[in-house]
There are 2 protein chains.
Amino acid sequence: MPRWTNNAEKRLRNAAAELFEAHGYEAVTVTAIAERAGLTRRTFFRYFPDKREVLFPQTDEIGEAVAQAINIQPKDADAGVLVGEIITVLVRAGTVITSDRQAQRKRQTLIQSSPELRERSRTKLATTAATIESALTTRGEPDAQIIAAVAVDLLRTAYQATLEGDDNASFAEHVKRARTALRSFDSYSRLPAPVSDP
Amino acid sequence: MPRWTNNAEKRLRNAAAELFEAHGYEAVTVTAIAERAGLTRRTFFRYFPDKREVLFPQTDEIGEAVAQAINIQPKDADAGVLVGEIITVLVRAGTVITSDRQAQRKRQTLIQSSPELRERSRTKLATTAATIESALTTRGEPDAQIIAAVAVDLLRTAYQATLEGDDNASFAEHVKRARTALRSFDSYSRLPAPVSDP
DNA sequence: TTCGATGATGACACTCTGTGCTATCGTCAT
DNA sequence: ATGACGATAGCACAGAGTGTCATCATCGAA
(Lines give C-alpha, C1' and ligand atoms only; values in the text may rest on other atoms or scores of the structure.)
Protein backbone atom coordinates (compact mmCIF):
# COMPACT_ATOMS: atom_id res chain seq x y z
CA MET A 1 0.00 0.00 0.00
CA PRO A 2 1.24 3.54 -0.74
CA ARG A 3 3.03 5.40 1.99
CA TRP A 4 0.07 7.67 2.54
CA THR A 5 -2.66 8.55 0.15
CA ASN A 6 0.03 10.10 -2.00
CA ASN A 7 -1.82 13.17 -3.25
CA ALA A 8 1.14 15.26 -2.24
CA GLU A 9 -0.08 18.35 -4.03
CA LYS A 10 -3.50 18.18 -2.47
CA ARG A 11 -2.04 17.50 0.96
CA LEU A 12 0.17 20.55 0.64
CA ARG A 13 -2.73 22.74 -0.40
CA ASN A 14 -4.86 21.54 2.47
CA ALA A 15 -2.09 22.03 4.98
CA ALA A 16 -1.46 25.51 3.66
CA ALA A 17 -5.14 26.45 3.77
CA GLU A 18 -5.46 25.32 7.38
CA LEU A 19 -2.34 27.08 8.56
CA PHE A 20 -3.12 30.28 6.67
CA GLU A 21 -6.58 30.36 8.17
CA ALA A 22 -5.17 29.89 11.64
CA HIS A 23 -2.21 32.27 11.59
CA GLY A 24 -2.44 34.36 8.44
CA TYR A 25 -0.44 34.07 5.25
CA GLU A 26 2.77 35.81 6.19
CA ALA A 27 3.14 34.16 9.57
CA VAL A 28 3.15 30.69 8.05
CA THR A 29 6.44 29.39 6.75
CA VAL A 30 6.86 27.03 3.84
CA THR A 31 8.62 24.62 6.14
CA ALA A 32 5.58 24.58 8.40
CA ILE A 33 3.28 23.81 5.49
CA ALA A 34 5.48 21.00 4.27
CA GLU A 35 5.86 19.43 7.68
CA ARG A 36 2.13 19.50 8.30
CA ALA A 37 1.73 17.68 5.00
CA GLY A 38 4.32 15.14 6.09
CA LEU A 39 6.78 16.36 3.51
CA THR A 40 9.87 18.47 3.18
CA ARG A 41 10.35 22.08 2.37
CA ARG A 42 12.19 21.05 -0.78
CA THR A 43 9.29 18.94 -1.94
CA PHE A 44 6.91 21.85 -1.57
CA PHE A 45 8.89 23.75 -4.16
CA ARG A 46 8.74 20.78 -6.51
CA TYR A 47 4.96 21.15 -6.62
CA PHE A 48 4.69 24.94 -6.48
CA PRO A 49 7.09 27.46 -7.97
CA ASP A 50 6.63 29.70 -4.94
CA LYS A 51 4.71 30.08 -1.71
CA ARG A 52 1.88 32.19 -3.15
CA GLU A 53 1.05 29.70 -5.84
CA VAL A 54 -0.23 27.14 -3.34
CA LEU A 55 -3.38 29.29 -3.21
CA PHE A 56 -3.90 29.54 -6.97
CA PRO A 57 -4.53 26.05 -8.27
CA GLN A 58 -6.20 26.92 -11.55
CA THR A 59 -4.70 26.96 -14.95
CA ASP A 60 -6.22 29.86 -16.84
CA GLU A 61 -9.52 28.07 -17.50
CA ILE A 62 -11.58 31.19 -17.99
CA GLY A 63 -9.18 32.74 -20.44
CA GLU A 64 -9.04 29.51 -22.40
CA ALA A 65 -12.81 29.23 -22.48
CA VAL A 66 -13.15 32.77 -23.77
CA ALA A 67 -10.44 32.24 -26.38
CA GLN A 68 -12.23 29.10 -27.48
CA ALA A 69 -15.49 30.97 -27.87
CA ILE A 70 -13.75 33.64 -29.91
CA ASN A 71 -12.09 31.18 -32.23
CA ILE A 72 -15.39 29.46 -32.95
CA GLN A 73 -16.97 32.62 -34.35
CA PRO A 74 -17.28 33.11 -38.11
CA LYS A 75 -14.53 35.01 -39.85
CA ASP A 76 -16.60 38.08 -40.51
CA ALA A 77 -17.83 38.58 -36.95
CA ASP A 78 -17.35 42.17 -35.89
CA ALA A 79 -16.15 43.43 -32.53
CA GLY A 80 -19.68 43.72 -31.18
CA VAL A 81 -20.39 40.08 -31.78
CA LEU A 82 -17.06 38.97 -30.36
CA VAL A 83 -17.60 41.01 -27.23
CA GLY A 84 -21.05 39.51 -26.90
CA GLU A 85 -19.54 36.05 -26.95
CA ILE A 86 -16.87 37.05 -24.47
CA ILE A 87 -19.46 38.38 -22.08
CA THR A 88 -21.55 35.26 -22.40
CA VAL A 89 -18.65 33.03 -21.46
CA LEU A 90 -17.56 35.31 -18.64
CA VAL A 91 -21.04 35.34 -17.18
CA ARG A 92 -21.18 31.57 -17.27
CA ALA A 93 -17.78 31.25 -15.63
CA GLY A 94 -18.52 33.92 -13.07
CA THR A 95 -21.80 32.32 -12.12
CA VAL A 96 -20.08 29.01 -11.52
CA ILE A 97 -17.25 30.58 -9.54
CA THR A 98 -19.56 32.51 -7.24
CA SER A 99 -21.82 29.56 -6.57
CA ASP A 100 -20.37 28.85 -3.14
CA ARG A 101 -20.23 32.38 -1.85
CA GLN A 102 -19.08 31.57 1.65
CA ALA A 103 -15.95 29.70 0.59
CA GLN A 104 -15.07 32.36 -1.96
CA ARG A 105 -15.51 35.09 0.61
CA LYS A 106 -13.04 33.44 2.93
CA ARG A 107 -10.58 32.92 0.14
CA GLN A 108 -10.93 36.49 -1.00
CA THR A 109 -10.47 37.82 2.51
CA LEU A 110 -7.25 35.88 2.83
CA ILE A 111 -5.94 37.13 -0.50
CA GLN A 112 -6.77 40.72 0.33
CA SER A 113 -4.95 40.42 3.64
CA SER A 114 -1.52 40.19 2.04
CA PRO A 115 0.10 42.47 -0.55
CA GLU A 116 1.93 39.50 -2.00
CA LEU A 117 -1.31 37.65 -2.58
CA ARG A 118 -3.05 40.67 -4.01
CA GLU A 119 -0.23 41.03 -6.50
CA ARG A 120 -0.42 37.40 -7.47
CA SER A 121 -4.15 37.68 -7.89
CA ARG A 122 -3.67 40.58 -10.26
CA THR A 123 -1.11 38.58 -12.17
CA LYS A 124 -3.58 35.78 -12.69
CA LEU A 125 -6.15 38.18 -14.06
CA ALA A 126 -3.48 39.71 -16.27
CA THR A 127 -2.84 36.27 -17.67
CA THR A 128 -6.50 35.85 -18.47
CA ALA A 129 -6.51 39.23 -20.18
CA ALA A 130 -3.45 38.25 -22.18
CA THR A 131 -5.11 35.04 -23.32
CA ILE A 132 -8.18 36.90 -24.47
CA GLU A 133 -6.12 39.60 -26.10
CA SER A 134 -4.16 37.01 -28.00
CA ALA A 135 -7.28 35.37 -29.33
CA LEU A 136 -8.64 38.71 -30.44
CA THR A 137 -5.38 39.74 -32.05
CA THR A 138 -5.32 36.50 -34.00
CA ARG A 139 -8.62 37.51 -35.49
CA GLY A 140 -7.21 40.86 -36.53
CA GLU A 141 -9.07 42.88 -33.96
CA PRO A 142 -7.09 46.13 -33.71
CA ASP A 143 -8.38 47.06 -30.25
CA ALA A 144 -7.71 43.69 -28.71
CA GLN A 145 -5.81 45.04 -25.73
CA ILE A 146 -8.41 47.43 -24.38
CA ILE A 147 -11.25 45.04 -25.07
CA ALA A 148 -9.53 42.20 -23.23
CA ALA A 149 -8.65 44.47 -20.33
CA VAL A 150 -12.18 45.73 -19.92
CA ALA A 151 -13.61 42.24 -20.21
CA VAL A 152 -11.45 41.12 -17.30
CA ASP A 153 -12.46 44.23 -15.37
CA LEU A 154 -16.06 43.22 -15.80
CA LEU A 155 -15.27 39.75 -14.53
CA ARG A 156 -13.40 41.04 -11.51
CA THR A 157 -15.76 43.79 -10.45
CA ALA A 158 -18.84 41.63 -10.88
CA TYR A 159 -17.12 38.86 -8.98
CA GLN A 160 -16.35 41.12 -6.05
CA ALA A 161 -19.76 42.74 -6.10
CA THR A 162 -21.40 39.34 -6.04
CA LEU A 163 -19.36 38.24 -3.07
CA GLU A 164 -19.64 41.47 -1.11
CA GLY A 165 -23.31 42.01 -1.62
CA ASP A 166 -25.62 40.74 1.08
CA ASP A 167 -28.39 40.99 -1.46
CA ASN A 168 -29.14 38.23 -3.87
CA ALA A 169 -28.15 39.98 -7.05
CA SER A 170 -26.71 37.48 -9.49
CA PHE A 171 -23.33 37.68 -11.14
CA ALA A 172 -25.02 38.30 -14.47
CA GLU A 173 -26.87 41.29 -13.07
CA HIS A 174 -23.67 42.82 -11.80
CA VAL A 175 -22.07 42.38 -15.21
CA LYS A 176 -25.03 44.02 -16.88
CA ARG A 177 -24.91 46.93 -14.50
CA ALA A 178 -21.20 47.44 -15.10
CA ARG A 179 -21.64 47.27 -18.86
CA THR A 180 -24.25 49.97 -18.64
CA ALA A 181 -21.86 52.11 -16.65
CA LEU A 182 -19.40 51.92 -19.52
CA ARG A 183 -21.66 54.19 -21.53
CA SER A 184 -20.20 57.08 -19.59
CA PHE A 185 -17.05 56.62 -21.64
CA ASP A 186 -18.86 57.12 -24.92
CA SER A 187 -20.09 60.65 -24.40
CA TYR A 188 -19.26 63.54 -26.68
CA SER A 189 -15.55 64.10 -26.28
CA ARG A 190 -15.08 67.53 -24.77
CA LEU A 191 -11.34 67.74 -25.29
CA PRO A 192 -9.35 70.85 -26.30
CA ALA A 193 -11.20 71.42 -29.56
CA PRO A 194 -14.42 69.54 -30.50
CA VAL A 195 -13.53 69.20 -34.16
CA SER A 196 -16.06 66.94 -35.88
CA ASP A 197 -18.27 64.45 -34.13
CA PRO A 198 -21.99 64.97 -34.88
CA MET B 1 31.69 70.07 3.46
CA PRO B 2 29.33 67.07 3.16
CA ARG B 3 30.85 63.69 2.57
CA TRP B 4 29.55 63.58 -1.00
CA THR B 5 26.69 65.40 -2.58
CA ASN B 6 24.46 63.53 -0.19
CA ASN B 7 21.55 62.79 -2.52
CA ALA B 8 21.65 59.23 -1.34
CA GLU B 9 18.32 58.33 -2.85
CA LYS B 10 19.20 59.73 -6.22
CA ARG B 11 22.61 58.09 -6.15
CA LEU B 12 20.98 54.74 -5.43
CA ARG B 13 18.53 55.17 -8.26
CA ASN B 14 21.24 56.09 -10.70
CA ALA B 15 23.45 53.21 -9.64
CA ALA B 16 20.54 50.81 -9.99
CA ALA B 17 19.61 52.12 -13.41
CA GLU B 18 23.14 51.73 -14.69
CA LEU B 19 23.59 48.23 -13.32
CA PHE B 20 20.18 47.06 -14.48
CA GLU B 21 20.88 48.32 -17.96
CA ALA B 22 24.20 46.54 -18.03
CA HIS B 23 23.29 43.16 -16.52
CA GLY B 24 19.51 42.98 -16.26
CA TYR B 25 17.32 43.33 -13.21
CA GLU B 26 17.61 39.90 -11.65
CA ALA B 27 21.35 39.59 -12.08
CA VAL B 28 22.00 42.73 -10.05
CA THR B 29 22.11 42.37 -6.29
CA VAL B 30 21.04 45.02 -3.83
CA THR B 31 24.52 44.91 -2.35
CA ALA B 32 25.95 45.73 -5.75
CA ILE B 33 23.66 48.72 -6.14
CA ALA B 34 24.48 50.04 -2.71
CA GLU B 35 28.21 49.65 -3.17
CA ARG B 36 28.17 51.43 -6.51
CA ALA B 37 26.36 54.29 -4.78
CA GLY B 38 29.03 54.30 -2.08
CA LEU B 39 26.57 53.05 0.51
CA THR B 40 25.58 49.92 2.34
CA ARG B 41 23.01 47.31 1.65
CA ARG B 42 21.22 48.29 4.83
CA THR B 43 21.04 51.91 3.77
CA PHE B 44 19.41 50.92 0.50
CA PHE B 45 16.51 49.45 2.42
CA ARG B 46 16.16 52.64 4.40
CA TYR B 47 15.34 54.50 1.20
CA PHE B 48 13.35 51.82 -0.58
CA PRO B 49 11.10 49.22 0.98
CA ASP B 50 12.32 46.64 -1.53
CA LYS B 51 14.50 46.14 -4.57
CA ARG B 52 11.74 46.72 -7.15
CA GLU B 53 10.78 50.08 -5.74
CA VAL B 54 14.05 51.68 -6.79
CA LEU B 55 12.55 51.79 -10.28
CA PHE B 56 9.23 53.38 -9.27
CA PRO B 57 9.97 56.82 -7.88
CA GLN B 58 6.59 58.41 -8.29
CA THR B 59 3.98 58.88 -5.68
CA ASP B 60 0.62 58.37 -7.33
CA GLU B 61 0.59 61.75 -9.06
CA ILE B 62 -1.81 60.79 -11.81
CA GLY B 63 -4.35 59.30 -9.45
CA GLU B 64 -4.17 62.38 -7.25
CA ALA B 65 -4.61 64.67 -10.21
CA VAL B 66 -7.67 62.77 -11.36
CA ALA B 67 -9.13 62.71 -7.87
CA GLN B 68 -8.56 66.44 -7.64
CA ALA B 69 -10.40 67.02 -10.92
CA ILE B 70 -13.29 64.89 -9.71
CA ASN B 71 -13.60 66.71 -6.42
CA ILE B 72 -13.73 70.07 -8.15
CA GLN B 73 -16.84 69.17 -10.14
CA PRO B 74 -20.25 70.47 -9.06
CA LYS B 75 -22.32 68.23 -6.82
CA ASP B 76 -24.86 67.36 -9.48
CA ALA B 77 -22.39 66.29 -12.16
CA ASP B 78 -23.40 62.94 -13.61
CA ALA B 79 -21.13 60.05 -14.48
CA GLY B 80 -20.68 61.23 -18.06
CA VAL B 81 -19.29 64.56 -16.95
CA LEU B 82 -17.04 62.99 -14.37
CA VAL B 83 -15.66 60.53 -16.89
CA GLY B 84 -15.06 63.40 -19.27
CA GLU B 85 -12.98 65.13 -16.62
CA ILE B 86 -11.11 61.95 -15.84
CA ILE B 87 -10.25 61.45 -19.47
CA THR B 88 -9.09 65.02 -19.82
CA VAL B 89 -6.69 64.70 -16.94
CA LEU B 90 -5.46 61.31 -18.10
CA VAL B 91 -4.77 62.62 -21.55
CA ARG B 92 -2.80 65.51 -20.13
CA ALA B 93 -0.78 63.23 -17.88
CA GLY B 94 -0.24 60.65 -20.58
CA THR B 95 0.94 63.26 -23.03
CA VAL B 96 3.50 64.51 -20.55
CA ILE B 97 4.68 61.03 -19.65
CA THR B 98 5.19 59.97 -23.24
CA SER B 99 7.01 63.12 -24.20
CA ASP B 100 10.43 61.47 -24.11
CA ARG B 101 9.59 58.30 -25.91
CA GLN B 102 13.08 56.89 -26.06
CA ALA B 103 13.67 56.96 -22.32
CA GLN B 104 10.23 55.52 -21.62
CA ARG B 105 10.79 52.75 -24.12
CA LYS B 106 13.97 51.70 -22.37
CA ARG B 107 12.28 51.82 -19.00
CA GLN B 108 9.34 49.81 -20.25
CA THR B 109 11.57 47.20 -21.82
CA LEU B 110 13.36 46.71 -18.55
CA ILE B 111 10.13 46.39 -16.61
CA GLN B 112 8.71 43.88 -19.05
CA SER B 113 11.86 41.81 -18.80
CA SER B 114 11.15 40.70 -15.24
CA PRO B 115 8.01 39.14 -13.76
CA GLU B 116 8.70 40.90 -10.48
CA LEU B 117 8.77 44.27 -12.16
CA ARG B 118 5.69 43.58 -14.23
CA GLU B 119 3.85 42.74 -11.03
CA ARG B 120 4.99 45.89 -9.35
CA SER B 121 3.98 47.92 -12.36
CA ARG B 122 0.50 46.45 -12.17
CA THR B 123 0.38 47.27 -8.48
CA LYS B 124 1.16 50.89 -9.20
CA LEU B 125 -1.66 51.09 -11.69
CA ALA B 126 -3.95 49.38 -9.22
CA THR B 127 -3.11 52.10 -6.75
CA THR B 128 -4.05 54.74 -9.28
CA ALA B 129 -7.32 52.95 -9.93
CA ALA B 130 -7.99 52.78 -6.20
CA THR B 131 -7.40 56.50 -5.84
CA ILE B 132 -9.80 57.29 -8.64
CA GLU B 133 -12.35 54.81 -7.35
CA SER B 134 -12.20 56.38 -3.92
CA ALA B 135 -12.84 59.85 -5.31
CA LEU B 136 -15.79 58.57 -7.30
CA THR B 137 -17.22 56.66 -4.36
CA THR B 138 -17.03 59.78 -2.23
CA ARG B 139 -19.29 61.43 -4.76
CA GLY B 140 -21.78 58.61 -4.49
CA GLU B 141 -21.03 57.13 -7.88
CA PRO B 142 -22.33 53.55 -7.63
CA ASP B 143 -20.17 52.21 -10.47
CA ALA B 144 -16.96 53.71 -9.21
CA GLN B 145 -14.98 50.50 -9.38
CA ILE B 146 -15.56 49.62 -13.02
CA ILE B 147 -15.20 53.23 -14.13
CA ALA B 148 -11.88 53.64 -12.35
CA ALA B 149 -10.62 50.34 -13.69
CA VAL B 150 -11.48 51.20 -17.27
CA ALA B 151 -10.00 54.66 -16.93
CA VAL B 152 -6.69 53.13 -15.92
CA ASP B 153 -6.95 50.63 -18.74
CA LEU B 154 -7.25 53.53 -21.14
CA LEU B 155 -4.19 55.14 -19.64
CA ARG B 156 -2.14 51.98 -19.83
CA THR B 157 -3.11 50.84 -23.30
CA ALA B 158 -2.73 54.29 -24.80
CA TYR B 159 0.62 54.62 -23.05
CA GLN B 160 1.89 51.38 -24.50
CA ALA B 161 0.47 52.10 -27.93
CA THR B 162 2.15 55.47 -27.95
CA LEU B 163 5.51 53.99 -27.05
CA GLU B 164 5.31 51.00 -29.35
CA GLY B 165 4.06 52.83 -32.39
CA ASP B 166 6.66 53.99 -34.88
CA ASP B 167 4.03 56.30 -36.21
CA ASN B 168 3.45 59.71 -34.76
CA ALA B 169 0.00 59.13 -33.35
CA SER B 170 -0.43 61.13 -30.19
CA PHE B 171 -1.40 59.78 -26.82
CA ALA B 172 -4.74 61.56 -27.11
CA GLU B 173 -5.49 59.84 -30.38
CA HIS B 174 -4.82 56.45 -28.86
CA VAL B 175 -7.17 57.23 -26.00
CA LYS B 176 -9.86 58.32 -28.39
CA ARG B 177 -9.49 55.17 -30.43
CA ALA B 178 -9.73 52.98 -27.33
CA ARG B 179 -12.81 54.85 -26.10
CA THR B 180 -14.47 54.20 -29.39
CA ALA B 181 -13.66 50.52 -29.09
CA LEU B 182 -15.57 50.44 -25.81
CA ARG B 183 -18.81 50.82 -27.77
CA SER B 184 -18.59 47.12 -28.48
CA PHE B 185 -19.57 46.53 -24.87
CA ASP B 186 -22.83 48.42 -25.20
CA SER B 187 -24.57 46.22 -27.73
CA TYR B 188 -27.89 44.47 -27.17
CA SER B 189 -27.30 41.77 -24.59
CA ARG B 190 -27.89 38.39 -26.21
CA LEU B 191 -27.72 36.20 -23.11
CA PRO B 192 -29.57 32.92 -22.41
CA ALA B 193 -33.08 34.29 -22.48
CA PRO B 194 -33.83 37.78 -23.84
CA VAL B 195 -36.52 38.49 -21.29
CA SER B 196 -37.40 42.14 -21.52
CA ASP B 197 -35.20 44.74 -23.13
CA PRO B 198 -36.97 46.71 -25.87
C1' DT C 1 35.16 75.67 22.55
C1' DT C 2 32.69 71.90 24.63
C1' DC C 3 28.72 69.42 25.29
C1' DG C 4 24.75 66.90 24.15
C1' DA C 5 21.09 65.92 21.04
C1' DT C 6 19.89 64.36 16.53
C1' DG C 7 19.85 62.16 12.17
C1' DA C 8 22.14 59.31 8.90
C1' DT C 9 25.00 55.43 8.14
C1' DG C 10 27.73 51.19 9.11
C1' DA C 11 28.02 46.67 10.93
C1' DC C 12 26.20 42.43 12.34
C1' DA C 13 23.07 38.70 13.00
C1' DC C 14 19.06 36.49 11.73
C1' DT C 15 14.86 34.51 9.20
C1' DC C 16 12.82 33.17 5.15
C1' DT C 17 12.44 32.26 0.13
C1' DG C 18 14.00 29.94 -3.71
C1' DT C 19 17.40 26.73 -6.11
C1' DG C 20 21.07 23.27 -7.30
C1' DC C 21 22.97 18.97 -6.29
C1' DT C 22 23.38 14.41 -4.42
C1' DA C 23 21.82 10.49 -1.86
C1' DT C 24 18.23 7.43 -0.70
C1' DC C 25 14.03 4.85 -0.86
C1' DG C 26 10.12 2.45 -2.91
C1' DT C 27 8.15 0.39 -6.93
C1' DC C 28 7.96 -2.08 -11.00
C1' DA C 29 9.26 -4.67 -15.10
C1' DT C 30 12.23 -8.28 -16.45
C1' DA D 1 16.88 -10.87 -7.31
C1' DT D 2 18.26 -6.96 -10.11
C1' DG D 3 18.40 -2.85 -12.28
C1' DA D 4 15.92 1.21 -13.85
C1' DC D 5 13.12 4.96 -12.56
C1' DG D 6 10.38 8.41 -10.15
C1' DA D 7 9.68 10.76 -5.90
C1' DT D 8 11.56 12.46 -1.77
C1' DA D 9 15.02 13.74 1.79
C1' DG D 10 18.99 16.21 2.99
C1' DC D 11 22.30 19.63 2.51
C1' DA D 12 24.44 23.85 1.04
C1' DC D 13 24.04 28.31 -0.70
C1' DA D 14 22.73 33.04 -2.48
C1' DG D 15 19.78 36.74 -2.03
C1' DA D 16 15.86 39.62 0.05
C1' DG D 17 14.32 41.86 3.89
C1' DT D 18 14.49 43.19 9.04
C1' DG D 19 15.85 44.28 13.91
C1' DT D 20 19.39 46.11 16.75
C1' DC D 21 23.22 48.48 18.21
C1' DA D 22 27.38 51.21 17.37
C1' DT D 23 29.46 55.08 15.13
C1' DC D 24 29.98 59.43 13.07
C1' DA D 25 28.95 64.09 11.43
C1' DT D 26 26.47 68.13 12.26
C1' DC D 27 24.47 71.71 14.80
C1' DG D 28 22.55 74.51 18.42
C1' DA D 29 23.11 75.91 23.21
C1' DA D 30 25.81 76.81 27.33
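Below, chain A is the first sequence line, B the second, and so on; all start at residue 1.
Out of D/dA16, C/dT17, D/dT8, the shortest distance to the side chain of B/F45 is found at D/dA16. Of the candidates C/dG20, C/dG18, D/dG19, the closest approach to any side-chain atom of B/R42 belongs to D/dG19. When distances run from any side-chain atom of A/L39 to the nucleotides C/dT9, D/dT8, D/dA16, the shortest one goes to D/dT8. For B/A8, taking side-chain heavy atoms from C-beta onward, the closest of the listed nucleotides D/dT18, C/dT9, C/dG18 is C/dT9. If you check C/dG18, D/dG10, C/dT9 against the side chain of A/R46, the one that comes closest is D/dG10.
Rounding to whole angstrom units, CZ of residue B/F48 and C1' of D/dA16 are separated by 16 Å. Residue B/Y25 contributes atom OH, which lies 14 Å from atom P of D/dG15 at whole-angstrom precision. Atom pair A/E9:CD and D/dA7:P shows a separation of 12 Å (rounding to whole Å applied). Note: CD (A/E35) to P (C/dC16) measures 12 Å, nearest angstrom. What separates CZ of A/F44 from C1' of D/dG10 is a distance of 18 Å, to the nearest Å. Remark: C1' of C/dC21 and CZ of A/R41 are 15 Å apart, rounded to the nearest angstrom. The CZ-C1' distance, from B/R11 to C/dT9, rounds to 11 Å in whole Å. Atom P of nucleotide D/dT18 and atom OH of B/Y47 are separated by 17 Å, given to the nearest angstrom.
Near DNA chain C, meaning a heavy atom under 4.0 Å from it, residues 26-33 of chain B has no residue at all.
Between A/R183 and A/D186 there is no salt bridge, since no side-chain N of the basic residue sits under 4.0 Å from a carboxylate O of the acidic one. For A/E26 and A/K51, the salt-bridge test fails: no basic side-chain N is under 4.0 Å from an acidic carboxylate O.
Within a 6.0 Å sphere centred on CZ of A/R118, heavy atoms belonging to other residues, nucleotides or ligands number more than 12.
In this structure, B/R101 is not positioned above the aromatic face of B/F171 in the sense of NZ or CZ being under 6.0 Å from the six-membered ring centre and within 45° of the axis.
Using a 4.5 Å cut-off on side-chain heavy atoms (C-beta onward), A/L90 and A/V175 make no contact.
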Compile the donor-acceptor pairs under 3.5 Å between side chains in residues 12-23 of chain B and protein atoms, sequence neighbours left out, one pair per line.
unit_1	atom_1	unit_2	atom_2	d
B/R13	NH1	B/E9	OE2	3.4
B/R13	NH2	B/E9	OE2	2.8
B/N14	ND2	B/K10	O	3.4
B/E18	OE1	B/R36	NH1	2.1
B/E21	OE1	B/K106	NZ	3.2

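An OP1 or OP2 oxygen of D/dA7 is reached within less than 4.0 angstrom by no side-chain nitrogen or oxygen of A/T43.
With hydrogens and angles ignored, the 3.5 Å screen pairs a side-chain donor or acceptor of B/T180 with a backbone N or O of B/K176.
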